[in-house]
Amino acid sequence: MASYDDVMSLSVRRGFLWPAAELYGGFGGFYDYGHNGVLLRRRWEDLWTETFLGLSDNYYLIDTTTILPEAALKASGHVDHFTDVLVTCTRCGESYRGDHLLEAATHVEEEGLTPAEIDARIRDLKIRCPNCKGELGPAREFNMMFPLGIGPTAKDRAYLRPETAQGVYLNFKREFEALRRKLPMGLAIVGRAYRNEISPRQGTYRMREFLQAELQIFFDPATFADFVPLDTSAGERIRIAWAAEKNEPTAHEIAAEAVVERGLPSWYVYHLLAVQRFYLAALRIPRDAFRFAELDEKERAFYNKIHFDIQIRQESLGGFREVGGVHYRTDHDLKGHEAGSHTKQAVTFGASKLVPHVLELSFGVDRNVWAVLDLAFAKGDRLVLRLPPRLAPVTVAVFPLVNKAGIPERAESIFASLRKRFTAFYDDSGSIGRRYARMDEIGTPFSVTVDHESLEGNGATVRERDSQKQIRVPEAELADAIAKLLSGETSVVP
RNA sequence: GCGGGGCUAGUCUAAUGGUAGGACAGAAGCUUCCCAAGCUUCUAACGCGGGUUCGAUUCCCGCGCCCCGCACCA
C-alpha cells in the first residue's frame with residue numbers, strides 16, 4: 001500500500017523525481033528526474049525496446065523532431081481537433097465545450113467554428129447554462145498544442161508535437177524504401193511529447209511535457225494475421241474489463257481464442273498478449289494489478305477503430321489508471337498525410353497496392369515509471385522498494401564490514417571489478433545495517449559485504465534485498481554470481 | 001478554468017504578532033561491527049510579492065505551486 005505522498009516523498013528524498021523549477025516556485029505540469037530516476041527510466045525504456053522491437057526483425061527505432069510544421073498537424077487532424085472552444089457560465093462558473101452546447105441544441109455536428117461564430121450561434125439559439133440557466137460568457141479558444149513561431153519573423157507557424165506517432169507517419173515512405181519495402185514494418189520512437197493540459201495533476205500522471213514510447217506497426221490487413229499467428233496452445237488468458245464495467249476494479253480472464261470469437265482480429269489479440277506478457281513476465285507486475293480496458297465508440301478518438309487502454313492498479317492514484325493503449329488506427333494517418341501533402345502514400349507490396357494500416361502500441365513512460373514505483377513500494381518494519389532487479393538504478397552495492405584491517409582496500413578492489421559489468425555503488429559510512437537500509441530504499445537488489453573472512457580467502461557475502469538472506473560467494477565468482485542472480489537463473493533464497 | 005483545502009530544514013512535523021523547536025535523514029568524530037545501536041558536534045526551513053503594524057512565518061490582498069471535487073483529456 002503506497003499513498004501518493006509515500007511515493008512522491010520517497011521519489012524526492014532518494015533522487016528519483018520532483019517538480020521542475022522549484023527554485024522559482026514550481027512549474028505546473030513539469031517534472032525533473034534525478035540520478036536514480038533517470039537510471040530507472042532508462043532501464044524501463046531498454047526493457048520496452050528489447051521487448052517490442054523483438055517482436056519482429058523488421059521493427060526499428062527512429063528519432064524525429066519534437067517541433068512540427070502547422071501543415072503536418074493540420075493534416076493529422078490535430079490543429080482542428082486539438083482546439084476546443086470553451087464557454088463559461090457567468091453565474092455558476094461551469095465550463096462547456098462550445099461545439100457540444102450547440103450540438104445539444106441543434107442535434108447536428110457543429111465543428112470548426114470560431115469563438116465569434118459560436119457566440120453568434122449561442123445568441124441566435126438563446127442557449128443558457130445547462131446547469132443553472134445563467135447567462136453564458138464569451139467563447140474563448142483553447143488549444144491543447146503549444147504554438148511556436150519559427151524564424152525571426154515567426155511567420156512559419158509550428159507546434160510542439162502532441163504525440164510521437166506523427167513523426168513516424170511523416171517518415172513512413174523513407175523508411176519503407178530504406179528497409180527494402182517489407183510489410184509488416186515497425187517504427188518506434190521513445191521521445192518527448194507536449195500537451196497544454198488544462199489542469200495537470202497527480203504527479204507525473206498528467207504532465208505538459210512527457211515521454212512516450214510508441215511502436216507503429218504498418219501492415220496489410222489482408223495478410224497481417226499470417227505474420228503474427230496467434231498461438232493459443234499455452235491457453236493464455238487475457239485480463240479485460242469491457243467498456244461498460246470500466247469503473248469497477250475487476251477484470252475478466254478470457255482465453256485468447258474467445259477474445260477473437262468476440263470479433264477482434266487475431267493479430268490484434270496477438271498484440272494484446274504481447275503487451276500483457278511484457279507487464280506480467282518482464283516487468284513482474286502482479287497479475288491482478290493489470291488489465292486492458294475497452295473504450296466504447298464515444299470514448300475513442302475518431303480514427304481508432306479498436307482501442308483498449310492498458311491499465312495498472314496503483315494505490316497512490318486510487319485504482320486502475322491508464323499507462324498505455326493498443327490502437328488500431330487503420331489507414332487514417334497515412335491517408336491524412338497523403339491528402340495534406342499531395343504525396344501518394346500507397347505502396348506496392350506483394351500482389352496489392354495499398355496504403356498500409358497502422359497498429360499503434362503506445363506507452364506513457366512517466367506513467368509507467370510511476371506505476372513501477374507505486375507497486376514496488378513496501379513499507380513495514382523497513383521501507384523497501386521491491387523493484388524488478390533489472391529496473392533497479394543500482395544493481396549491486398559493495399560495503400566493507402568495518403573500516404580497518406585492510407577490509408576497505410579489499411572491498412574497493414571488488415567494487416572496481418564489479419562496476420565494470422554493473423551499476424555498482426560503494427558505501428563505507430554508518431553501520432552495516434544503515435547501509436543495507438539505504439540500498440533497500442532505492443531498490444538495490446544485491447549488496448556485497450567484505451568481512452574478515454574475505455581476507456582469508458573465503459569470499460564475500462551477497463545479501464538479497466527482499467529476503468535479507470545472504471550467501472557466501474568466492475571473490476573470483478562474484479561478478480558471474482551477480483549476473484545469474486540478476487537474470488533470475490539463480491537465487492539467494494534456496 | 002471554477003470551487004474547497006493546504007504550503008515551516010532533504011523528509012515528516014511543532015509553536016508563535018517580538019530569539020522558529022523536534023524527529024528522522026545528512027556530514028564530522030568516538031565506539032561497535034551483518035541489518036537504520038549509542039554518545040558528541042555540525043549543516044539545514046517559514047513558497048514569492050505587496051499591504052497593515054514599531055515589528056509579520058503568524059493578520060489581509062495578489063501570484064505561484066500541491067492535493068481533492070467539477071470541467072477538460074484529440
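All chains are named by letter (A, B, ...) in the order of the sequence lines, taking the proteins before the strands, and each is independently numbered beginning at 1. Side-chain atoms are counted along with the backbone in the values below, which use heavy atoms only and exclude waters and symmetry mates.
Only the C1' atoms considered, U40(B) is 42 Å distant from G64(B), to the nearest whole Å. Rounded to a whole angstrom, the distance from the P atom of U8(B) to that of C48(B) is 11 Å.
With RNA chain B read from its 5' end, the first of the two nearest nucleotides for Ser9(A) and Arg206(A) is the one closest to Ser9(A).
Closest to the side chain of Tyr436(A), out of C33(B), C72(B), C34(B), is C34(B). Here C72(B) is the nucleotide among A27(B), C72(B), C35(B) with the atom lying nearest to any side-chain atom of Ile198(A). The side chain of Arg201(A) lies closest to G1(B), out of G1(B), A36(B), C35(B). Side-chain proximity of Leu401(A) to C34(B), C67(B), A71(B): nearest is C34(B). Closest to the side chain of Val12(A), out of A36(B), A74(B), G10(B), is G10(B). Looking at the side chain of Arg195(A), the nearest of the listed nucleotides A36(B), A74(B), G10(B) is A74(B).
Helical stems in RNA chain B, defined as runs of 3 or more consecutive Watson-Crick or G-U wobble pairs with both donor-acceptor distances under 3.5 Å, are listed by first residue as B:1-7 with B:64-70, B:10-13 with B:21-24, B:26-30 with B:38-42, B:47-51 with B:59-63.
Here the closest heavy-atom approach between residue Phe52(A) and residue Leu215(A) is recorded as O-CD2, 4.0 Å.
A salt bridge between Arg208(A) and Glu197(A) is absent, with no side-chain N of the basic residue lying under 4.0 Å from a carboxylate O of the acidic one. In this structure, Asp466(A) pairs ionically with Arg386(A), as a charged nitrogen and a carboxylate oxygen lie closer than 4.0 Å.
By the 6.0 Å and 45° rule, Arg195(A) does not stack over the aromatic ring of Phe210(A).
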Go through the steps to decide whether Glu209(A) and Arg192(A) satisfy the test salt bridge (Lys or Arg N to Asp or Glu O under 4.0 Å), and finish with yes or no.
-> CA-CA 7 Å; Glu209(A) 173 176 353; Arg192(A) 291 178 190 270; 3.1 Å; yes
Show your reasoning for whether ring-ring contact (aromatic ring centres under 6.0 Å, His included) applies to Trp370(A) and Tyr4(A).
-> CA-CA 10 Å; Trp370(A) 181 274; Tyr4(A) 176 86; 5.4 Å; yes
Met207(A) and Asp366(A): side chain to side chain contact (heavy atoms under 4.5 Å, CB included), yes or no, with the steps?
-> CA-CA 9 Å; Met207(A) 296 199 289; Asp366(A) 313 276; 3.2 Å; yes
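Gln470(A) has its CD atom 9 Å from the P atom of C35(B), to the nearest Å.
Ring-plane geometry between Phe146(A) and Tyr194(A) is classed as perpendicular, the angle between the planes exceeding 60 degrees on a 0 to 90 degree scale with a lower cut at 30. Using cut-offs of 30° and 60° for the angle between ring planes, the Phe363(A) and Trp48(A) rings count as perpendicular.
With sequence neighbours excluded, the residues that form a ring pair (Phe, Tyr, Trp, His ring centres under 6.0 Å) with Phe30(A) are Phe27(A). Every ring pair (Phe, Tyr, Trp, His ring centres under 6.0 Å) that Phe218(A) has, sequence neighbours left out, goes to Phe172(A).
Of the residues in residues 439-465 of chain A, those with a non-hydrogen atom less than 4.0 angstrom from any atom of RNA chain B are Glu441(A), Thr449(A), Asp451(A), Thr461(A), Arg463(A). Listed by residue number, the members of residues 160-169 of chain A with any heavy atom below 4.0 angstrom from RNA chain B are Glu163(A). If you check residues 18-32 of chain A against RNA chain B, the residues with a heavy atom closer than 4.0 Å are Gly25(A), Gly26(A), Phe27(A), Gly28(A), Gly29(A), listed by number.
Put simply, the side chain of Gln212(A) gets close to the backbone of Thr164(A): a donor and an acceptor are under 3.5 Å apart.
A donor-acceptor contact closer than 3.5 angstrom is absent between the side chains of Asp427(A) and Tyr436(A).
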